[in-house]
Structure formats: C-alpha cells, structure tokens
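Per chain, numbering begins at 1; letters A, B, ... match sequence-line order. This is a predicted model, so every value here is computed, not measured.
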Amino acid sequence: MQRIGVFVCHCGTNIAATVDVKAVAEALSHEQGVVISQDYQYMCSESGQDLIKNAVKEHKLTGVVVCSCSPRMHENTFRKAAASAGLNPYLVEIANIREQCSWIHKDIASATDKAIILGKAAVAKVNLNTPLTAGESPVVKRALVIGGGIAGIQTALDIAEAGFDVDIVEKEPTIGGKMAQIDKTFPTLDCAACILTPKMVEAAQNEHITIHSFSEVSAVKGFVGNFTVTIKKKARFVDETKCTGCGLCTEKCPMKKVPNEFNMGLDNRTAVYIPFAQAVPKVATIDPNYCLMLKNGKCGVCSKVCSVGAIDYKQTDKFIEQKYGAIVVATGFNPIKLDKYDEFAYSYCPDVVTSLELERLMNAAGPNGGTLLRPSDKTHPHTIVFVQCVGSRCDDSKGKQYCSKICCMYTAKHAMLIREKYPDTEVYVFYIDVRTPGKNFDEFYRRAVEQYNVHYIKGMVGKVSPKADGKIDVQASDLLSNEQLHINADMVVLATAIEPDKSARPLATMLTTQMDTNDFFTEAHPKLRPVESATAGIFLSGACQGPKDIPETVAQASAAAAKAIGLLCKNSITCNPCVAHSNELMCNGCSACEKVCPYGAITYQDKEFRMPDRTTAIRRVASVNPAVCQGCGACTVACPSGAMDLNGFSNSQIMAEVDAICK
Amino acid sequence: MQVNENFEPVIVAFCCNWCSYAGADLSGTNRLNYPANVKIIRVPCSCRVNPMFILRAFQKGADGVIICGCHPGDCHYTSGNYFTRRRITLLYSMLDFLGIERNRTRLEWVSAAEGAKFADVMNQFTEDVRKLGKNRRLEDLRCRKQ
Amino acid sequence: MNKNQKEWIDITSGVNVCKCMRCGKCSATCPSYDEMEYHPHQFVYMVEKGNIEPLLNSDSLYKCLTCFACVERCPRGVEPAKVVEAVRLTAIRKQGNNHLIPDQIPEMLDDDLPQQAIVTAFRKYTK
Amino acid sequence: MQEAMIKRAKELLADGTVNRVIGWKKGEFFYDATPAVFRTAEELDRQFIFDDFTQANVSKYLVKESRKDGKILAFLKPCDTYSFNQLVKEHRIIRENVYVVGVPGGPKLDIEKIKAKGITGVLSVKNENYTLKIETLYGTEEMPFYEAISGKCESCKSKKHVAYDELIGEDGEVLESNRFDMVEKLENMTAEERFNFWQNELSKCIRCNACRNVCPACTCENCVFDNPKSGVDNKAPADSFEEKMFHIIRAFHVAGRCTDCGECSRVCPQNIPLHLLNRKFIKDINSLYGEYQAGADTTTKAPLNDYNTDDCEPSIVHERGVE
C-alpha cells in the first residue's frame, strides 16, 4: 500500500498569485495513495524541507510529490531532503507548477485546474516509482582542453597546477590564438605578446601539459569521467621531435607568395613557415596547398637546408586515441565575414579594414613593422573613421543579433593609440551606444574622449565610398546635432562582430553538448553554472560560450579549470540510476535495442530458462551495462516485446501520467 | 465541421528533458503565454516516446499530441532524435492513412534557448486542435469521462 | 499624442518602431537627407512617441524617394521608408486629394531626375 | 513436385543430415493444408503434401524447431525465404540447425474464391492448363485458374529464393509487382473516406489474434497484447478504438521487419485487408528512406533502427497526399 505525501509550494507569490495552492493541496489529497497533502510558502527553504523530512518519518511515506518549480531547479534539493529522512531519493517526483503553469497562465481558475492535473500526473507516476540505487564509475585522471588560445592555455595551466595531466588540442600550428595577434590590451595598454608568450612557454614546459598543435578532435565516445577521444594530428610534413625552429627552411623556401593568415593576409609568408617568432611549439609547418615539392614533386630546398633532417614529405595524418575524465572546450571566436555589407566597401577598398587587421597593421611584428600605414599606398593616414557595431546587434540575416561586447573597448583603445602615436591624425568613432561596463573601462573610454580628443559621434555610417583621389567618403549621421556628415577619410576601421569558430558546431555534435542559435555553447545554467555545459564532464572556457574580453576569458578559463579539477579529484562518480534494463523473460534477443544504443551499452548472452511447460531452453537475451547506459530510452521503443524498460521513466509510469492528464 | 467555441482540447506534450523541457521552462521564466490546455510530460529523450504512449493518450481522450525534442544533431544522446524522427514520421503517416486528422499530431524541435518558439508552437498547435474539435476518431468510448 | 493615429500608422506600415536602436544608419544613408526637415530616423522616433502632427504638416513627407536604402541597411529591420509611406498615406487620406496630376508632370521633369523618382512619385502622390 | 520433395526428404533423413522435416499435411479438408513436422519416411509417404493449397509460411515454426535437438529440413517457397532470413537476422532462428530446401512458389489457390463462384462440396481441384477442373459432390465444375489464386499471390513480389541450402526446381527473379496500388488508392482518398474505410474494415475484427499468431515477424516471447503490465494488453474489441490500437501497434511493431508475406490477410476470418497496413509502412519506408526489402539479406540495418542526418521531417505527412 502506497503512502504518498504531497507538498504544494507557494514560491512566495510566484505560484500562489496565479494558482490556488490550497485548492491544489485539497484536490490532491483525494488521489490514490495520498495520505498527507500540504501547502507551504517556500518548499525549498530549510523549514520547507523539514516539512518533507518530518512527514516522511511521521507518516512513513513511500513516495513524495512536490508541486513547485521545475525539476531542473530543485529536484535534487527535494531528493536529498527525502534521502536524509530515509526515503529513497528516486521516490520523489516534482510537478512543475511554476515554469509550466503559474508563470505562463493568467487566469487563476484554469491555472489551478492545470496545476491539479499536473499534480495528479505526478501522484500517478510516484505510485509506480521504485527505489533506485545509483552505481559508480571510475574517473580517468586526465583532462583534454580543446583550443589553445588564452582560454585554453589558462585552463590547462590551472589544471596542471593541481597535478593532473592535461592535453591541449590546437588546430593551428601554434598555440596562442587570437590574443597572439593583438597588439595592445585594454584597459592597461600593455603589450599582448608580453603577457601571453610567457604563458605559452609555461604551458610548453609544464610536465603535466601535452600540446597537440596542428591537431583536431575527430571523435568523442564515452561519458563523464571516461571519455575516449580520437585526436587527428594533421600532417605538417615536419618531424616535430627533430625540428629546432631555427627557421632556415623558411628563409630558403622559394614559394614566398602565400597570404600570411597570422597577419590577416596583409603580407605574405613562405610555404614552409613558423606562424610567428614566439610560436609554441616553435616548429615549422609545410603548407601542402603551396609547397612546390608536395604539389609538383620538384623543389626539396627545405629538406636540403635542414641540418637535423626534420622535413618529411611523406608524413600523413595520424590518429591517436586517449582517455580523459573531463573535457574543456575553448574553441574561441573569429570576426564575421563582411561580404554582405556592400555599404562599407570592405570587399573592394583596401583601406577599409577590420579591427583585427588594424591590430596587425599597428603591431611591431606586423606587415609594416609597427608603423601605421594605409594598406593601399603605404602612406600615413590623417583621418581615420571607426564604425562600431558592424554586424553586431543586427536583426537581419547579414549579421548577429547579439552585442559583440569587446568592440567598444578595443575601438577606444585603437583610437587612443593612434592619437597617442600620431597626434596629427583625426579620429572619428561612430557609435550607437558606448558600452563600457567593467573595471576601469569607462574611465578608459572617457580618456579617449577627454584626453585624446577622439571625436565620438552618436550615429551610424550609412555609406563608405572610395574616391578617385584615394580618399574615402564616409557618409554618416550625427544624431545629436541632427546632421548628415560627409567625412573625407584616409582609412575606415570596422569594429566587426565576432562569432564562434566554425569548428564549434561539429564539435558540439561530437560532445553532445548544446549550442544556441548563434553556435555559442550553452551553459548549464546562465547564472549559477556558467562554465559547465549541460553535458556532464564538459566545461566551457572563453569566447566559445559568448563574446568575452581577455580578463573575463581568463577568469572563466580558471573557473572551468576549477570545475574540471573538482571532477578529476574524485576517484569515482555516481552514475545516473535512471538506466535501461531488460526483462530476460520477455526478451527475444532480436538485437533491435543494440542497434539503436548510442553507447554500446547492450550485450547479449545465451541463458538457460525454464519454460512454462517445464522444459528448459537456451535463449539469447539482452543485458544492459548500467555504468555505460545514459538512459535515453531509444532501446525501449525499438523493443517490440516491451522487455526493455527505463528506470524512472518506465512504460507504466509514463502511461500513468498520460492517463492522469487525459482523464 | 461545427466549431464549438467553448471546446477546450486536451493536449499532451512529450518534451525531452534536455532541450524542449528546458525550452518550456524558459518560456515560463520569460512569462510567455500559451494555453493551459497543454500538459507536459517529461521524458529523457524524444526517442523515449513509444507510439503506444501517443495512442494511449488518444484513447484516453486527448485531442492532440505533440512531441518536442532537441534539434537534429543536438540530441543529448547523440542520435535519439534521429530515431524519433523516423518512428514518428511513420506513425503519423499511418494515423493519416487511417483517416485521423493530421493536425492532431505534431513533432517539433525546440532547443533549451527557444522559449519563445515553444510558446509559439503550443499556441499554434492548440489553435489547430481547437479547430478540429473533439477527438472522436481515436477515442476509446469506455475511457470517456462522464 | 494621438494614439489612434499612431496605431493606424503602426498597422498600415507594418513596422514595429520600437525595434529602432537609434543608430541613425537610415539617415546616414538617405540621399534626400538635405531636402528634409525631418529625417528618416526622426520619422521613426516621432512615430514611436506619437508625435505625428508635425510630420503630417512637413514637406519631408514628399521628399522621400522611396529608394529603400534605409530599409536595406537598417540593422534592426525597422524599415523607415515604410513608416514614411504610412505617414504620407495618413496625410493623403486625411485630405482626400491627389497631390499630383499627371498633366503637371512634363513641366516638372528635368534631366537629372532619376526615372525611379517619377515612378515612385505616382505611387506617392496619387492615391 | 511433391514426389521429388518426399524423395529428397527421405534421403536427407536417411543420411542423417536432418532428423525432422517441416512441410505440409492435409487438414480436415484437402484444401486445408496445415504445416506439420515429419519424423519418418513412413510419415512422409502417408501425409506429406505439396499442391496448389500449400500456402502457409512455415518459417515461423522454425523459431521453436531450430532450438530443438538435431537439424530440421524446411521446405521454403520464395516468399517464405524472406521471412526465414529476417528471423535469422533477428537471431530468432538458429541457421545452423535448419537445412533449407527451396521449392517453387505459387500462385496458390484460395478455396474461398472457388466457393465464391457458388461451387460447393468441393472434393478435389486439378489445374489443367490453367483451367481448374473441380470435382464436387454434385459433379464437375470448371473455372479459370487465375480467378481462384489467393490474394497474397496476386501481387507476388519475388520468385527468387533468398536463402537455401539446395533448390528443387528453378529459381526465379524478383518481380515488378503492383502491390502498392491499393495503398496508393487509399492515400488518394480524403481523410474522411479513409477513416470510413478503415472504420468499416477494422470494426469487423473479432480479436481472434490469428493475424498475430501466424505472422512470422510476431515472434515475441511475450506479446505486449498478452502482457497485463504493458498497458495495451488484450481486451475484447469493445469499441472502435481498441481494434485500431491493436492493429496500429501490431503494424508498427513489424514495420521495417515485415517481409510482406501476406499471411495476416490470408488467415483473417473476417477478411480484413490487414496487409495494407504493413504495405503502407513498406511504401513509406521505400519512398522516405530508400528501397528496403525486409529479409532480402541478413545484414542490412532495419530502417527503424537506422537513420540519416538528413531524413525528412514528420511534417512531410502533412505536406503530401490528401487531407
């Protein structure tokens, strides 16, 4: 005989304002098996939980239904409360009467009716709940960081600091990411390379860190604590272990007309190359799209000049497999393509550049050795126009709906640096809003306006037209003085929106993590679990989760590391007990379940059974490995006989809910 | 067909725990309205939805059944919703073949971030079912409430 | 503030003026900017505030070429030209008059006038 | 043919290749050919038949038989070999324990079609050059052979044996059949008409379970309709939904596994065209996920246990055909 307790939460007025909680408690008290039905102000509070604990003991409850907020919010809270009173935590069910009732309905009568039905469904389900015990599975003490930008480096360093082995997989030939391309950093204006490269070196030298550069993740299997990852080490045609990074090959390579991606294509590199002087690992890579030897089989200069014999034209992609307990995603961002913005003339006017291109133009290691010159004629620009929100906050298909967050600050930085170095240059910044929340950020922006006399103009640029004399006509609004302006500029800099790296989407599919419509990884909770993905064991670091500046990225990287360390510290983790199980008496052994199982959790064995006619028969039956099963339930539907069922979401439980709702 | 203005359809929504149930929560968090006719049943994955559940709902007097899952490719369990898509396509096709009104059944992909889409889908679906009126073709007369 | 008039403009234009972020790109791109007393972004802003009377009485209504550059470039999809068109319709319907008689056209023509302007003039001034 | 089969069966029994033979024997009437297991040459001589009425698909019996001691000889017609393969694929039949002899298929005859001509008291039927000479209690009657062939043979999909250890007679080819014509016709009706059609057909159902019991795909150890815990366990068909539920779920459970052998409709005492439900699924699977013939081999993944990332959405159901 079931003895069920029902507890209806007011959630202050969140529920009680639209749902007559007393009526819900009253109605549910007549349901099958219910022995006590109460309402309370805040069920999740200490005293609310005590109410459950006392009732469990006093009424010897065999099941608990809490009508409250979403189970995604407090299911664990109430399960723990029940457990502490001696009730199996899986005998607790939640009726979601806040997110899925009181918050969406306005009419008290219909909301109350619905709350009662949701409560009845939960009671009907809990009547069929069975006590479940969670198993345990071991944790592999090694972490994988995907992406070797500042986020990945910081995460790896922190995890290594805690004494765990960690691998960085970076798709480019060197770690460093976008920060390596940046000239100076706001709001302190210190040089990015000066603060980044020591960290890169530290990562390379750390005994716990293994860097797989020029590599990609090609497959992920397993689950929290026990991922098996296949890493594709792309052929770089140079033996990493032999190359000393002397650079002789790059000097002698005859193929010198390869667009240099590190300098945003503003100058050229050779076919065999080291991306930049401080690259880590400092190893050459041969670009097979340009290398004359790999393309035509004629050249071989690099191989001749290499004194250590590191060049290997026959190298192929290698695949290595490694087990990890935790995975941190740090795939970062890229500026969006601007080909849809004809009005800014980016695609055909070389003097219209993106902000990242400007970083390279101003960088001492950039194409002009640090002197700001127009890309078209290498002359010094005297009037520079910055356009903010290019592609950000766009409601159309051209750009991104979100604010890219970092543009206001780096534009202020660029404007300030230019005015500092070249006081004869006039700088205009066209903005929609200037957004500078952050420590010392607004002060920084005000300095650009007040100290450096950067002309900030509220309004957008409508049209950029290159003129015959090499100047650029910028047609824009000045909304505050209600004028249309024409500025005769030498250069235009577009604060381009940023988007997640293209590799993120296929990676999310491999990791079975969620992404939003913009391809940013979705965090487990927007406020309370910002560095974890909803998939256990997968953590998020840096701009792959949303636009971020460097300080924020580093903070999140360390936070993700802390979460990963928390996981790696454990010897084993509790498994989800809501897994599939097969009723051997009904199993046909037909293998349908095995075919749909994404985890390979189902195996078969021949077992001897006593048949109803007293004979014995050997039958092939399925069995589920509960440590591997993740509880999706695909097998339960593939099974025609219904032998396969899912703990916590059994056929009879779901049908009981259906019945309660339809009655 | 006669449309009864006061007819309130019973709608059962199966939502996967990882995307659509969270999407439904989000539409609540954002206070987006959809009709109280919609009652949600939480399942771990849309692939947990057995056609028997859908038929059972109709048998017991549901007027519409909707299944919501993660977008294809986003399944928490990698492949669950791909199986759902095939199974449910075939089942809906069969119901259609038996002459059951098409708008009583639906499958939608709603992500955890699509609270607004969830509310839109539910508003639209409820309206469609309301137009169809009471489910008579699949109801089990013995299960009808008095 | 004239609530009915605002609603009417909202409905006829089909534009949600609240989406405007006040970036001014519409006015930045407008070829008739110098001719106008009220500029595209002001149309959007004033309609949002319900301050429609000055727009109805302004010549700016008839300066819009309906070239749709503002519609094309607005990052928020607000479609200012449609707002201008809706205000214009309000003015025209209010007076019930045609503002342009085809016979007058030949003497108004000049070589610099774009073909598009003539076509849109008929659309705008004769209802 | 019958003689050749008995001869071969005797040989295989004699040399110890098999210790049993599954085939057909005469039932109460000569046209009630019933599957039967024979253990001796004497039994074969006395009872074994193979004629125009041996329609029954014996492959399902091999689920149990192949688990018994010793090897069994099974005579399989082309359509039966598909069911056989499908059951081997699902590990229901232990292949090593069966010696399959492929025998020619139909068309077989349906006694109901002869009776429908007003011919009663049938004593024997002989096919002479595609004219049936029918001996009855009341004299001899004649009718064209093709007017009496059974429904399942009318739209034969294949005369090719897809599994056998040896053949008696010639092997045939996979045929172009018109088996989806009726499904298509129904698809082109309005929803109302379809509903009325099925309401009319399915309301005849007496839930005798013959369709399920004969179906070579329905081999569950414990059928959901017999399991009180399944929530859909068997009840008498008291109303219009109960039987729909039964037939939808049955069709769904065999979807992607049904070889279209037609046994369900053959055995239905109420003559409900149950094969149309299965064919609807087969037609959908073929058109939406690519041609698939269950039982054609023992390795291909069943369409419902497989997927493509670019499969169509269920809304396709709403977009095509007639509302």
A:Ala638 versus chain B, the contacting section by heavy-atom distance below 4.5 Å: both
Interface moiety of B:Tyr34 toward chain A, non-hydrogen atoms closer than 4.5 Å: both
Residue part contacting chain B, namely of A:Ser650, when any heavy atom lies under 4.5 Å: backbone
Go through B:Asn50 and A:Ile654 one step at a time and tell me if the side chain to side chain contact (heavy atoms under 4.5 Å, CB included) criterion holds. CA-CA 10 Å; B:Asn50 196 313; A:Ile654 295 176; over 6 Å; no
Apply the test side chain to side chain contact (heavy atoms under 4.5 Å, CB included) to residues A:Asn651 and B:Phe53: give CA-CA distance (whole Å), side-chain angles for both, the deciding distance (0.1 Å), then the verdict. CA-CA 8 Å; A:Asn651 287 331; B:Phe53 303 160; 3.3 Å; yes
Filter on side chain to side chain donor-acceptor pair (under 3.5 Å), then keep only pairs touching residues 631-648 of chain A, sequence neighbours left out; what's left? A:His581-A:Asn647, A:Thr636-B:Arg48, A:Asp645-B:Arg48
Applying a strict 4.5 Å limit to non-hydrogen atoms, the region of B:Val49 in contact with chain A is backbone
For A:Thr517 and B:Glu114: C-alpha separation, side-chain torsions, deciding distance, then whether side chain to side chain contact (heavy atoms under 4.5 Å, CB included) applies. CA-CA 9 Å; A:Thr517 45; B:Glu114 293 174 326; 4.0 Å; yes
Interface moiety of B:Thr29 toward chain A, non-hydrogen atoms closer than 4.5 Å: both
Hey, which of B:Asp74, B:Ile41, B:Val12, B:Asn30 has the most heavy atom pairs under 4.5 Å with chain A? B:Ile41
Here the pair of heavy atoms bringing A:Phe649 nearest to B:Pro44 is CG-CD, 3.5 Å
Indicate yes or no for a side-chain donor-acceptor contact from B:His76 to the backbone of A:Cys632 under 3.5 Å, with no hydrogens or angles considered. no
Residues A:Glu657, B:Arg56: salt bridge by 4.0 Å N-O rule: no
Sorted by chain and residue number, the salt bridge (charged side-chain N to carboxylate O under 4.0 Å, His left out) partners of B:Arg87 (sequence neighbours excluded) come out as none
A:Lys595 atom NZ: more than 12 heavy-atom contacts under 6.0 Å: yes
Hey, is the main chain of B:Val38 close enough, under 3.5 Å, to the side chain of A:Lys114 for a donor-acceptor pair? yes
Interface moiety of B:Phe58 toward chain A, non-hydrogen atoms closer than 4.5 Å: neither
Measure A:Ala634 against the heavy atoms of chain B and call it side chain, backbone, both or neither at under 4.5 Å. both
Could B:Lys39 and A:Asp113 be called an ion pair, given the rule that one side-chain N must be under 4.0 Å from one carboxylate O? no
Toward chain A, the part of B:Ala119 with a non-hydrogen atom under 4.5 Å: neither
Let me see the working for B:Lys60 and A:Lys663 under side chain to side chain contact (heavy atoms under 4.5 Å, CB included), right down to the final yes or no. CA-CA 7 Å; B:Lys60 296 284 174 176; A:Lys663 234 168 233 166; 5.7 Å; no
